J.: 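Sharing a structure below in structure tokens format, with a few things to ask.
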Protein chains: 2
Amino acid sequence: MKVELRRVNDAFHFEAVGAAGVAVNIDGSPEIGGVDAGARPMEMILMGLGGCSAIDIVLILQKQRQIIQDMGITIEAERVPNETPSVFKTIHVHYTFKGDLNEEKVRRAIELSMEKYCSVTAILNKTAEITHSFALN
Amino acid sequence: MKVELRRVNDAFHFEAVGAAGVAVNIDGSPEIGGVDAGARPMEMILMGLGGCSAIDIVLILQKQRQIIQDMGITIEAERVPNETPSVFKTIHVHYTFKGDLNEEKVRRAIELSMEKYCSVTAILNKTAEITHSFALN
């Protein structure tokens, strides 16, 4: 696996590409001189967690012939305060689903992703307590 | 810190946003049914590492009045084979710089980021061996 970043402006805006060739914009926070031109690096980690888990859950529910009409994920995280580096301390992942879905199957799909399949979770839970919840229709 | 993902197509394409409101596209690999509409979740983690470290290095070199004309980062990683989940086993970060830059100051800036400041490194080095190199002009 290979990704490349190139600097876009003379501050902290970088553009990253991976295998798909789709540009991902990354920028620092305005507090340090960023211009809100992209996601913050630590946000990228949470987005990766959401994407990883979303893919697992869609795959599991599709195999069970469940119909997902819409799906969203909100992730909120707290970092260890007053430390450098400041890793994630707690991460809460909240899923919302719309569709013809069995509640127990949704619950089980989320658990399988978070406890068994998702590689990002397996990395992040070395430093953070990861919790999850969901709402259906 | 809060990020949100919403599903874009009926497969694995999700759009994520954080504090800046800039959309980041995420998609699964074509092998599982993705359509190359975005970065893979595990690539997002490497991009976050690159962005985190890039910001540190720019900040450090700017304080030292070093002139960075251009900067790029290539990150290559291997995952633990034949395991689920499959975390990163090795990560190599290669930096390229152009500008009026002192080689020793560049070396030290990279070391400070990777060993002391970067929160993403501090998370990823729980499971992976992270190495780095650089080329100047």
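Everything numeric in this text was worked out from a predicted model, so none of it was measured. Order of the sequence lines fixes the chain letters, A, B, ..., with proteins taken first and strands second; residue numbering starts at 1 for each chain.
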J.: Using non-hydrogen atoms only, which part of A:Gln62 is less than 4.5 Å away from chain B: side chain, backbone, both, or neither?
T.: side chain
J.: Could you pull out the closest heavy-atom pair between B:Met44 and A:Gly48, with the gap in Å?
T.: CB-CA, 3.9 Å
J.: Heavy-atom distances under 4.5 Å only: say whether B:Ala11 touches chain A with side chain, backbone, both or neither.
T.: backbone
J.: Do you know which of B:Gly72, B:Ala122, B:Ala77 has the most heavy-atom pairs under 4.5 Å to chain A?
T.: B:Ala77
J.: What's the spacing between A:Ile45 CD1 and A:Phe88 CZ if we round to 0.5 Å?
T.: 7.0 Å
J.: Shorter than 4.5 Å, heavy atoms on both sides: which option in A:Lys126, A:Met47, A:Glu4 has the most such pairs with chain B?
T.: A:Met47
J.: If I take atom CD1 from residue A:Ile123 and atom SG from residue A:Cys118, how far apart are they, to the nearest 0.5 angstrom?
T.: 8.5 Å
J.: Shorter than 4.5 Å, heavy atoms on both sides: which option in A:Leu124, A:Thr96, A:Leu5, A:Thr121 has the most such pairs with chain B?
T.: A:Leu5
J.: How long is the gap from CE on A:Met1 to CD1 on B:Ile75, to the nearest 0.5 Å?
T.: 12.0 Å
J.: Given that the side chain runs from C-beta out, which part of A:Val24 has a heavy atom under 4.5 Å from chain B: side chain, backbone, both or neither?
T.: side chain
J.: Quick check on the interface: out of A:Val80, A:Thr84, A:Asp10, A:Val17, who has the most heavy-atom pairs with chain B under 4.5 Å?
T.: A:Thr84
J.: Between B:Glu83, B:His92, B:Arg6, B:Met42, which has the largest tally of heavy atom pairs under 4.5 Å with chain A?
T.: B:Met42
J.: With a 4.5 angstrom heavy-atom cut-off, is it the side chain or the backbone of B:Thr127 that approaches chain A, or both, or neither?
T.: side chain
J.: So which of B:Ala128, B:Gly50, B:Ala39, B:Ala19 has the largest heavy-atom pair count under 4.5 angstrom toward chain A?
T.: B:Ala19
J.: Could you check whether any side-chain N or O of B:Asn102 sits under 3.5 Å from a backbone N or O of B:Lys105, counting only pairs where one atom can act as donor and the other as acceptor?
T.: yes
J.: Is chain A contacted by the side chain of B:Cys52, its backbone, both, or neither, given a heavy-atom distance below 4.5 Å?
T.: both
J.: Hey, what do you get for CD1 (B:Ile110) to CG (B:Asp56), rounding to the nearest 0.5 Å?
T.: 11.5 Å
J.: For B:Tyr117, is it the side chain, the backbone, both or neither that has a heavy atom under 4.5 Å from a heavy atom of chain A?
T.: both
J.: Is the side chain of A:Asp27 donor-acceptor paired with the backbone N or O of A:Asp36 at a distance under 3.5 Å, no angle test?
T.: yes
J.: Ignoring hydrogens and angles, tell me if any N or O in the side chain of B:Glu111 forms a donor-acceptor pair with the backbone of B:Arg108 under 3.5 Å.
T.: no
J.: At a 4.5 Å cut-off on heavy atoms, which part of A:Ala37 comes close to chain B: side chain, backbone, both, or neither?
T.: backbone
J.: Measure from the side-chain N and O atoms of B:Arg7 to the backbone N and O of B:Phe14, and report whether any donor-acceptor pair falls under 3.5 Å.
T.: no
J.: For residues A:Ile57 and A:Tyr95, determine if any side-chain heavy atom of one lies less than 4.5 Å from a side-chain heavy atom of the other.
T.: yes
J.: Which residue out of B:Asn25, B:Ile68, B:Ile26 racks up the most heavy-atom pairs below 4.5 Å with chain A?
T.: B:Ile68
J.: Are the charged groups of B:Arg107 and B:Glu103 less than 4.0 angstrom apart, N to O?
T.: yes
J.: Could you tell me which of A:Ser29, A:Gly51, A:Ala20 has the largest number of non-hydrogen atom pairs under 4.5 Å with chain B?
T.: A:Ala20
J.: With a 4.5 angstrom heavy-atom cut-off, could you sort out which part of B:Val35 is near chain A: side chain, backbone, both or neither?
T.: neither
J.: For B:Ile91, is it the side chain, the backbone, both or neither that has a heavy atom under 4.5 Å from a heavy atom of chain A?
T.: neither
